[in-house]
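The structure appears below as structure tokens.
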Amino acid sequence: MARYDPKVLQRFADALYFRANLMIVLWTLVVAAAGGVAFLVANDALLLLIDRATAGFVGLGVGAVLGYVIGSGRAFALKLSAQVALCQKQIEANTNRGGASS
């Protein structure tokens, strides 16, 4: 029969935080790259009066901000799940401490 192990909850919470932070980074990079390409294509198609490098950098910047916002929003649920696990771990620690002194 499996026994309670607080280390499992800690590892689970750590893994969730790692995935959440990775999600933010990946969304930022992917949407930044897509934004850069989109601005380059739009600049060429619309014959805008800015050079290609400027259009690419503006697209990267806009995409990076948008990707960060999207990634942060999606990572929030993972961080919340990690906090619930850590809260359960702390409740168990407090309960065991209280029960031992009674």
Side-chain angles (χ1 to χ4, degrees):
M1 177 179 227
R3 294 187 172 260
Y4 173 73
D5 184 3
K7 294 175 190 170
V8 172
L9 287 175
Q10 185 64 53
R11 282 195 309 261
F12 177 69
D14 292 342
L16 285 175
Y17 262 91
F18 177 79
R19 286 178 53 199
N21 292 329
L22 183 63
M23 182 179 291
I24 293 170
V25 170
L26 290 178
W27 271 98
T28 301
L29 292 175
V30 168
V31 178
V37 170
F39 270 66
L40 284 174
V41 170
N43 185 46
D44 290 346
L46 300 175
L47 300 173
L48 298 178
L49 298 176
I50 58 176
D51 61 77
R52 288 177 57 84
T54 303
F57 283 122
V58 169
L60 282 172
V62 170
V65 170
L66 184 60
Y68 179 81
V69 170
I70 293 169
S72 295
R74 292 179 179 252
F76 180 78
L78 293 174
K79 290 180 179 182
L80 180 61
S81 295
Q83 286 298 309
V84 169
L86 291 173
C87 184
Q88 291 172 338
K89 177 184 163 202
Q90 189 61 47
I91 289 170
E92 178 65 27
N94 291 346
T95 302
N96 281 342
R97 204 174 325 142
S101 64
S102 298

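What you are looking at is a predicted structure, and each value in this text was computed from that prediction instead of being measured. Basis for what follows: all heavy atoms, side chains included, without hydrogens, waters or symmetry-related copies.
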Find the distance between [atom1] ([X]) and [atom2] ([Y]) and round it off to the nearest 0.5 Å.
| X | Y | atom1 | atom2 | value |
| --- | --- | --- | --- | --- |
| L16 | L86 | CG | CG | 9.0 Å |
| D14 | L9 | CG | CG | 11.0 Å |
| W27 | L22 | CH2 | CG | 13.0 Å |
| T54 | N43 | OG1 | CG | 8.5 Å |
| K79 | S72 | NZ | OG | 6.5 Å |

May I ask whether Y68 and L60 are part of the same hydrophobic cluster, defined by side-chain heavy atoms of I, L, V, M, F, W, Y residues being less than 4.5 angstrom apart, directly or through others?
no
Shortest non-hydrogen contact between [X] and [Y], atoms and distance:
| X | Y | value |
| --- | --- | --- |
| Y4 | K89 | OH-CA, 3.8 Å |
| M23 | A75 | SD-N, 3.7 Å |
| F12 | A85 | CD2-CB, 3.9 Å |

When you measure from the side chain of N21 to the backbone N and O of Y17, does any donor-acceptor pair fall under 3.5 Å?
yes
Within-4.5 Å side-chain heavy-atom neighbours: I24 and R74
no
Measuring only between side-chain heavy atoms, which start at C-beta, is L78 closer than 4.5 Å to Q83?
no
